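To keep things clear, I will list the structure first and then write my remarks on it.
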Amino acid sequence: MDADPPTERRISLHGEWSSRFAFILAVAGSAVGLGNVWKFPYIAGENGGGAFVLFYLLCVSLIGLPIMMAEILIGRRGRRNPVATMGLIGDEESGTSKWAIVGIVGIGAGILILSYYSVIAGWAFAYVWKGISGSFSGLDADAVGTLFGGLAGSALATGTWHTVFMVMTVAVVAKGVERGLEKAVRVLMPALIALLFVLLGYSMVAGDFAGAVEFMFAPRFSELTRDGALIALGHAFFTLSVGMGAVMAYGAYLPDEHSIGKTSMAIVAADTGIAMLAGLVIFPIVFANGLDPATGPGLVFQSLPLAFGQMPGGQIVAGGFFLLLTFAAWTSAISLMEPGVAWLIETLRVGRLVAAWALGLSIWLLGFLSVFSFNVLSDVTFLRGTFFDNLDYLTANIMLPLGGLAIVVFAGWIMSQNSTADEIDPGAGSSYRAWRFLARYIAPIAVILIFLNAIGLF
Ligand code: PFF
């Protein structure tokens with residue numbers, strides 16, 4: 001391992017972001033995706049709302065935020081792919097490059113997540129055309145269920161859309177992240193937020209808004225189970241894209257002079273705000289139409305079409321909304337692949353094109369296990385449910401929190417104070433001290449306690 005002296009700044013092997021804003025956009029593009037609009041509402045619905053949402057917000061700010069900062073600082077210091085970076089800095093700080101394992105497990109998590117993420121993103125894309133062509137007009141609660149069941153229940157349709165989405169993702173990764181990605185996020189993210197606000201207006205007028213606010217924000221602590229707490233923790237990692245090296249890989253391309261703390265706070269705030277917005281759009285429709293908040297993965301695909309089918313200009317709004325959701329998923333999917341691709345390029349010395357298509361092909365194939373979980377293999381269940389359910393649980397609720405734990409312990413305990421302060425705030429001011437306290441004590445202890453609690457150890 002080429003351990004250059006720590007004081008000398010390393011240069012990224014894959015280019016740099018053109019500005020701090022471009023980096024914020026890229027990480028925000030990674031963070032904001034299906035997790036906010038598809039997953040947050042459905043798991044909040046399944047876990048009783050209020051207390052779950054509050055616990056999730058605590059996890060995001062006390063655990064997710066310091067871990068995001070840790071990933072960026074490690075990434076920027078190493079300026080390699082997450083495996084090489086963890087090995088390199090591990091070697092520098094503690095004389096062992098074994099920390100590279102964290103990067104390898106992270107790449108594995110990214111591959112597993114993308115294999116099912118692409119399937120859900122494929123549904124969103126399919127709904128663009130359904131929306132535009134007027135398939136939602138006049139549907140009632142039963143009919144939206146049938147429509148969604150028709151898509152998810154068809155291995156051919158779901159598999160085809162999964163294929164289309166994977167090709168879109170690989171096509172961008174094969175070209176290099178900074179080209180294309182910046183531009184896409186800069187325009188599409190504000191458009192998604194604007195559209196969510198329009199829908200919020202609709203839900204306030206036409207939905208059961210008061211019921212939704214009560215469901216989401218009135219904490220009923222008895223409804224938060226041990227498992228629900230772990231799911232909230234897992235979702236804090238999933239939604240912020242931390243715990244697997246995606247943010248670390250992007251941090252490697254962040255120019256030296258930019259503040260890690262401010263950047264991370266902006267991203268966390270935007271990501272959380274969008275999830276809250278999505279909930280406040282979806283739940284009023286759910287309650288006004290007698291849908292079950294615990295419907296599961298189909299929740300967003302069954303609630304929003306009810307609204308689109310009733311509102312003036314609903315076809316355009318529906319098409320636009322699902323298109324923007326597909327784009328949001330796309331920028332996240334790109335970041336799920338980037339660590340693996342950067343690693344393949346640097347280790348096997350293959351070109352980006354080859355690395356991206358080879359990895360993409362494997363993820364695409366693996367994705368069929370999730371495609372089939374909703375149709376031909378829907379009866380094959382074990383542990384948590386279908387293959388999809390298990391994959392989602394394993395990656396989001398186990399792999400990401402453990403990966404994040406390793407990363408934050410590394411940044412808080414293994415790296416010297418000099419190195420971390422040098423990246424975050426060379427003056428070691430109060431923001432640095434707050435980060436270090438969260439990174440050394442609060443985040444690791446909380447993750448461990450939530451795990452122990454989930455397996456019933458106390
Ligand atoms: N944060 C993304 C979302 O909320 O949809 C999903 C994700 C992307 C998770 C990248 C993990 C990751 F590394």
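Quick caveat: nothing in here was measured; it's all calculated off a predicted structure. Atoms within each ligand, like the ligands themselves, are counted from 1 in listed order. Note that the numbering runs from 1 along the sequence shown for the chain.
A cation-pi geometry, defined here as NZ or CZ lying under 6.0 Å from the six-membered ring centre and within 45° of its normal, holds between Lys39 and Phe238.
Using a distance-only test at 3.5 Å, with no hydrogens or angles considered, no donor-acceptor pair links the side chain of Trp357 to the main chain of Val170. Side chain of Ser115 to backbone of Gly367: no donor-acceptor contact under 3.5 angstrom is found.
Under the 4.0 Å criterion applied to side-chain N and carboxylate O atoms, Asp256 and Arg77 are not assigned as salt-bridge partners.
Between Phe287 and Phe215, the ring centre distance stays below 6.0 Å. You'll find the ring centres of Tyr42 and Trp38 inside the 6.0 Å limit.
Among the atoms of Phe238, some N or O lies under 3.5 angstrom from an N or O of ligand 1. Checked against a 3.5 angstrom limit, the closest N/O atoms of Ala31 and ligand 1 fall inside it. The shortest N/O to N/O separation between Leu34 and ligand 1 falls below 3.5 Å.
For ligand 1, the atoms lying closer than 4.0 Å to a non-hydrogen atom of Ala246 are 13 (F). For ligand 1, the atoms closer than 4.0 angstrom to any heavy atom of Asn36 are 4 (O).
Under a 4.0 Å heavy-atom criterion, Tyr117 is in contact with ligand 1.
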Q.
Evaluate Met337 against Ile111 for side chain to side chain contact (heavy atoms under 4.5 Å, CB included), listing each step before the verdict.
A. CA-CA 7 Å; Met337 268 192 89; Ile111 291 171; over 6 Å; no
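Annotation: atom 12 (C) of ligand 1 to nearest protein heavy atom, Leu336 CD2, 3.3 Å. Protein heavy atom in closest approach to atom 13 (F) of ligand 1: Met244 SD, 2.8 Å. The closest protein non-hydrogen atom to atom 8 (C) of ligand 1 is Ser241 OG, 3.2 Å.
Of the listed options Ala121, Gly35, Ser30, Ser335, Ser30 places a heavy atom closest to atom 2 (C) of ligand 1.
Using a 4.0 Å cut-off between heavy atoms, Phe237 makes no contact with ligand 1 at all.
Between the CD1 atom of Ile445 and the CD1 atom of Ile63 there is a distance of 11.0 Å, given to the nearest 0.5 Å.
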